[in-house]
Amino acid sequence: MALYSEKVMDHFRNPRNVGIIENADGIGEVGNARCGDIMKIYLKVDNDIITDIKFETFGCGSAIASSSMATELIKGKSVHEAMRLTNKAVVEALDGLPSHKVHCSVLAEEAIQAALKDYFTKKGLPFLTMPMTHRADCSCHEC
Amino acid sequence: MALYSEKVMDHFRNPRNVGIIENADGIGEVGNARCGDIMKIYLKVDNDIITDIKFETFGCGSAIASSSMATELIKGKSVHEAMRLTNKAVVEALDGLPSHKVHCSVLAEEAIQAALKDYFTKKGLPFLTMPMTHRADCSCHEC
Amino acid sequence: MKIYADNAATTRVSDHALKAMMPYFQEQYGNPSSLYELGQKAQEALDDARGRMARLLNCQAREIIFTGGGSEANNQAILTAAKLGAKQGKKHIISTAFEHHAVLHPLEALKEEGFDITLLDVHEHGLVTAEEVAQAIRSDTCLVTIMFANNEIGTIQPIKEIGKVCKEKGVLFHTDAVQAVGHEPIDVQDMNIDMLSLSAHKFHGPKGVGALYVKRGIVIAPLIRGGAQEKNKRAGTENVPLIMGMAAAMEDACENMEENSVKIRQMRDYLIDEISQIPHSVLNGDRQQRLSGNVNFCFEGIEGEGLLLLLDDKGVCASSGSACTSGSLDPSHVLLSIGRPHEIAHGSLRLSICEDNTIEEMQAIVRAVKEVVEYLRSISPVWTDLKQGKQQHII
Amino acid sequence: MKIYADNAATTRVSDHALKAMMPYFQEQYGNPSSLYELGQKAQEALDDARGRMARLLNCQAREIIFTGGGSEANNQAILTAAKLGAKQGKKHIISTAFEHHAVLHPLEALKEEGFDITLLDVHEHGLVTAEEVAQAIRSDTCLVTIMFANNEIGTIQPIKEIGKVCKEKGVLFHTDAVQAVGHEPIDVQDMNIDMLSLSAHKFHGPKGVGALYVKRGIVIAPLIRGGAQEKNKRAGTENVPLIMGMAAAMEDACENMEENSVKIRQMRDYLIDEISQIPHSVLNGDRQQRLSGNVNFCFEGIEGEGLLLLLDDKGVCASSGSACTSGSLDPSHVLLSIGRPHEIAHGSLRLSICEDNTIEEMQAIVRAVKEVVEYLRSISPVWTDLKQGKQQHII
Ligand SMILES: Cc1ncc(COP(=O)(O)O)c(C=O)c1O
Ligand SMILES: Cc1ncc(COP(=O)(O)O)c(C=O)c1O
C-alpha cells in the first residue's frame with residue numbers, strides 16, 4: 001500500500017494495547033465523532049510508572065495505528081517521560097504519515113496528555129502541559 | 001477514402017479532357033489562385049455542337065474531378081444544352097461532394113458558362129445566363 | 001483472490017472493448033484529420049463509433065461530441081448553458097445537493113461569476129421530484145442539471161418527468177448520466193434530455209474518454225479550443241483507440257442490459273438483505289429507485305477507512321463514497337445530503353457490483369463485512385458508549 | 001507498401017509504450033483514488049510515471065499535471081496566466097503569429113474578454129528573437145507564450161534566450177513544446193520555462209494524453225473542475241494506461257534523442273536537397289533552426305490537396321500543413337506568417353519523418369514528389385501562364 005508505511009499497516013492490522021482498563025488510574029478521551037476520530041486512553045500507574053495502558057479508537061487506519069504506537073511508546077515509562085511524548089515521535093516511529101493524516105498523531109498525543117492530566121488531577125497533583133508548538137493543525141474542515 | 005466518393009477519386013485520378021485546345025472557339029477562366037482554385041475551359045464548337053472540350057485546373061481533388069465531370073457532361077452536346085448544366089448535375093454525377101467542397105462544382109459550372117459566353121461573344125450572339133439560384137456559395141474565406 | 005466490488009469507481013476494460021481498441025495503436029494509427037487513407041480510415045472509424053453510440057442514446061451522430069471523460073463533459077455542458085444563459089440575462093441554475101463534484105464545482109465557479117445556484121434537497125431517500133424542479137424554475141433559469149443516477153447511493157432520479165417539466169418551461173436540461181449509461185435504459189428524445197454526459201470507464205470501456213450529447217440547435221461552447229476537431233467544439237487530436245473501445249463497451253452494456261441487471265440485482269438484493277442484519281446499520285438511498293449494482297450502508301460506531309483497509313486485507317475492493325474524494329477527511333456530501341449526521345456518515349461502505357461478480361463472491365463479501373464491522377466496533381469507544389447506554393443509538 | 005511521413009500529425013505507438021499500457025486495462029485497472037491495493041498500485045504507477053517524466057524535463061514531479069492532450073494543456077496554461085494577470089490588472093499577452101490553433105484560439109477568446117494580444121512577426125525564416133520579445137513586453141504583460149518548435153515548418157525558437165528575457169522582466173513564460181518534447185533537448189530550469197505543454201502522440205505515445213508542466217509557486221487554474229485528482233488542478237479519473245504509455249514513450253524518445261536525430265537529420269537533409277531541385281520550389285522555415293524530422297516546401301503552380309491525394313496513391317502519407325485544419329479551405333496561417341503569398345501557400349507539402357523511416361523510403365518519396373508535382377503542373381492553368389511568361393514566377 002502506497003498510502004501508509006508498513007509500520008502503520010502493521011499497527012493498524014495488529015494494534016497493541018487495545019481494550020479497556022477497569023478502574024484505570026487515568027482516562028483521557030479526545031476528538032469527536034463529527035470529525036471522524038475519537039481516541040480514549042486508559043492508564044494504570046504504579047509508582048509513577050505506567051504499568052498498563054489500553055486504548056479504544058474510532059477513526060481511520062492511521063488513527064488506530066497512531067493510538068497503538070503511542071501506547072507502545074510510553075508503556076513501562078514514567079508518567080514524566082510520557083508527558084514528553086510528541087506527535088512527531090509517533091509519526092517517526094510509524095515511519096511517517098501522509099500529510100493529511102498527521103492530525104491523527106496529534107490526537108494520540110492529546111489523548112495521552114488528557115489521560116495523564118486525569119491521573120494527576122485524581123492524585124491532586126498539578127499538571128503542566130508541554131508547550132505544543134510542534135503540533136500540526138487538525139485539518140478536518142468541520143472543527 | 002471517406003472524404004470523396006469513388007467517382008470523384010476516379011475523375012481526380014484519371015481526369016477526362018485534360019489539356020489545351022489551340023485556336024479554341026471559346027475559352028473561360030474562373031477562380032483565382034488566392035482562393036486556391038482556377039479552372040480554365042477550352043471549347044471547340046461545330047454547328048452549335050461541342051465537338052471538343054479541354055480543361056486545365058489548379059485546385060484540390062474535387063476541383064479537378066468537377067472539371068473533368070463537367071466537361072464529360074457537355075462534350076458532344078449542343079451549346080444550348082451545355083448552358084443548362086448546373087453545379088447540382090455535376091455533384092450528382094460525382095455521387096456527391098463534401099459540403100465544404102461544393103463550391104468546386106459551382107466553379108466548374110461558372111467556367112463552362114464563361115467559355116460559352118466567350119464563344120457567343122466571339123460569334124456576336126447575345127448570351128443569356130441562367131438564373132443561378134441553386135448555387136452554393138463559395139465558402140473560401142478570402143474572397 | 002480479490003473480489004472487485006467497486007465498479008462505480010471504475011471498471012475492468014472488457015475483452016471486446018480492448019479488442020476494439022488494439023488496431024488503432026499501431027496499425028490504424030493515422031490522425032483522423034489527415035487526407036491520406038490511413039487518416040481517413042481513422043475518420044471512418046470515428047464516424048462509425050459516433051453513429052453506433054448515437055443509436056444507443058436515440059440521437060443523431062452529429063449530436064455527440066467525444067471528450068476526455070465524464071468530468072470534461074459535465075464542465076462543457078454547464079459552460080454551454082451558462083454562456084447561453086448569460087447572453088439572455090438568465091443566470092439561475094437548478095441542480096441537486098448530491099451531484100458529483102464534476103457538476104458542483106463548475107457550479108461553484110459560476111456562482112463566483114454572479115450566477116444564482118439552487119441545489120434541490122434530495123430528502124432521506126436521495127430522490128428529487130419533477131414537481132420540486134418545476135417549483136424551483138424561475139423566469140431567469142437557464143439550466144436544470146440533475147444526475148441520472150447518484151454515484152454513491154445509486155438512486156435513480158425521475159429523469160423523464162424532469163425532462164418533461166423542463167421542456168414545458170423551456171429550460172435547458174442536462175443530466176450527468178455517467179453512472180447510468182450502459183446500466184439503465186436511456187432515450188434522450190423520449191426523456192427530453194437536452195444534454196447528457198457519459199464516461200466509458202463506468203461500463204467496461206477505458207478511462208479518459210467520454211462523450212457529451214447535445215441536442216441539435218444548442219450552440220455548444222468549447223471548453224478546449226484549438227484545431228477544428230469535433231466540428232470546432234472540442235479541440236485536440238481525437239483519441240481514436242479509446243473512442244473505439246468506448247463504443248464497443250457501450251454496445252455490449254446496452255445490448256446485455258436486461259440480462260445483466262437481472263443477475264446483478266439478485267446479487268445486490270442478497271447483499272442488502274444480509275448486511276441489513278448487522279445491528280445499527282442502515283441502507284443509504286431508496287431501495288427501489290436504485291442502480292442494479294449499488295449497495296451503500298452506514299454502520300454506527302465505526303469509521304469507513306479502517307473498514308475499507310481491513311476489507312482489502314480480506315480481498316474485498318470496496319469504497320466508502322466516491323473514489324475521487326478519498327483523500328478528503330470530510331464525510332461524503334452525498335450522505336449528508338440525505339440527512340445522515342456526520343458521525344454516521346463517516347462509517348459508510350459502498351459496494352458496486354457488475355455482471356462479472358458471482359454469488360459466491362457476495363457470500364464472501366457478507367462474511368467479511370460482518371467480521372470487520374464487529375471487530376472495529378470492538379475497539380471503538382463510541383460503540384462502548386452506545387453499548388453502555390451512555391449515548392443513544394441514531395440508527 | 002505505405003511510407004508514413006506525417007509524424008508531426010501523429011505517430012505510431014511504439015511497442016514499448018503499448019507494453020507499458022497493457023497491464024492497466026484489464027489487470028491493474030483500479031481507480032488511483034481508491035484505498036485498496038488495486039487502486040494504490042495504480043496510484044504508485046502514476047507517481048512513478050510523473051517522476052520519470054519530471055526527471056526528463058528537469059523539474060519536480062509535483063510540477064506536472066496530466067491532461068487529455070496538448071490542446072488541453074495549452075488551454076489550461078493560458079487560462080492560468082490570464083486569471084493571474086486579470087487579478088493584477090495585467091491583461092496583455094505576447095505570442096507569435098504562427099502558434100498552433102490550440103494557442104491562438106484561446107488567445108482570441110481572451111481578446112473578447114478584453115485582453116490585448118500582441119502576435120510577434122516570425123519573419124521569412126519563421127523565427128522570433130529574444131530582443132523582439134523584450135521589446136514587446138509592457139508593464140501590463142502577464143504572459144509570453146511562444147511555441148518551442150513550429151508544427152508546420154519545424155523552426156525552433158530561441159527558447160532559452162526568451163526564457164531569460166521573461167525571467168528578467170518578471171513575466172510568465174509558457175511554451176507549447178508539443179512538437180519538441182522527445183525531439184529536442186529541454187531543461188525547464190536552464191531555459192527558465194514557467195509552463196510547458198506536451199502531447200504523447202507526437203513521440204510514439206498514445207493519442208489523448210499529455211501533460212502540463214507548471215513551475216512551483218504558480219497558482220494553476222483548473223480547466224476541468226470536479227474530483228480532487230491532480231491535486232484539484234484537473235478533475236477526472238486519471239487515464240492510467242495512457243499515462244504509463246506516455247512516460248515510456250517519452251523516456252525512449254529522450255534517451256535515444258541524439259542517436260535518432262543524427263539518423264533523422266540525414267534523411268531530412270537528403271529530402272531537402274533533392275526536393276529543392278524541383279524548379280520553382282522553396283523550403284519553408286529556416287534550414288538550420290529546425291526540427292530534425294521536418295521538411296516543408298511550397299511548389300509554384302499547384303495546390304496541395306491534389307498533391308497529397310496523389311502521393312497517397314503512391315503510398316506516401318504526407319500533409320500540407322497541420323492535420324487539424326485539413327478541413328479548411330484557407331491556406332495555412334503559418335505559411336502566410338512567413339510571408340508566402342496565398343497562391344504559393346496553397347501549394348505546400350509537409351513531410352515529417354522519424355527514426356522508423358529509411359533512406360530507401362526517402363528515395364521513394366523524392367521520386368513520388370517529383371512525379372506528382374510535374375503532373376499537377378501539367379494540368380494547371382497557372383503553370384501554363386507561368387511557362388508562357390503571362391505571369392511572373394514568385395519563387
Ligand atoms: C504545436 C502543437 N500544439 C498543440 C497540438 C495539439 O495537441 P493535441 O492534438 O494532443 O491536443 C499540436 C498537435 O496536434 C501541435 O503540433
Ligand atoms: C456521476 C459521475 N459524474 C462524473 C464522473 C466523472 O467521470 P470521469 O472520471 O470520467 O471524469 C463520475 C465518476 O468519476 C461520476 O460517477
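Proteins get letters first, then strands, A, B, ... in listed order; numbering begins at 1 in each. These numbers come from the heavy atoms of this one structure, side chains and all, not from hydrogens, waters or symmetry mates.
Of the two parts of C:Glu238, only the backbone, made up of N, CA, C and O, holds a non-hydrogen atom closer than 4.5 Å to a non-hydrogen atom of chain D. C:Leu223 touches chain D through backbone and side chain together, each having a heavy atom under 4.5 Å away. Contact annotation for C:Ser199: neither backbone nor side-chain heavy atoms come within less than 4.5 Å of a heavy atom of chain D. With a threshold of 4.5 angstrom between heavy atoms, C:Ala17 does not approach chain D through any atom at all. Residue contact with chain D, scored on non-hydrogen atoms closer than 4.5 Å, involves the backbone and the side chain of C:Asn239 alike.
Here the rule is side chain to side chain donor-acceptor pair (under 3.5 Å) with C:Ser197, and of C:Asn74, C:Thr145, C:Thr67 only C:Asn74 fits it.
Outside the 6.0 Å centre-distance limit, the rings of C:His204 and C:His16 are not counted as a close aromatic pair.
Within a 6.0 Å radius of NZ in D:Lys19, other residues, nucleotides and ligands contribute 12 heavy atoms or fewer. Applying the 6.0 Å contact sphere to NZ of C:Lys111 captures no more than 12 heavy atoms from other residues, nucleotides or ligands.
Between chain D and the options C:Thr10, C:Ile78, C:Leu38, heavy-atom pairs under 4.5 Å are most frequent for C:Thr10. Per-residue heavy-atom pair counts under 4.5 Å with chain C were compared for D:Ala318, D:Ala235, D:Cys317, and the maximum is reached by D:Cys317. For the set C:Gly245, C:Gly39, C:Pro106, C:Pro222, the count of heavy-atom pairs under 4.5 angstrom toward chain D peaks at C:Pro106.
Below 30°, between 30° and 60°, or above 60°: for C:His333 and C:His101 the angle between ring planes is below 30°, a parallel geometry.
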Evaluation steps, salt bridge (Lys or Arg N to Asp or Glu O under 4.0 Å), between C:Arg12 and C:Asp356: CA-CA 10 Å; C:Arg12 180 174 181 274; C:Asp356 299 338; 5.2 Å; no
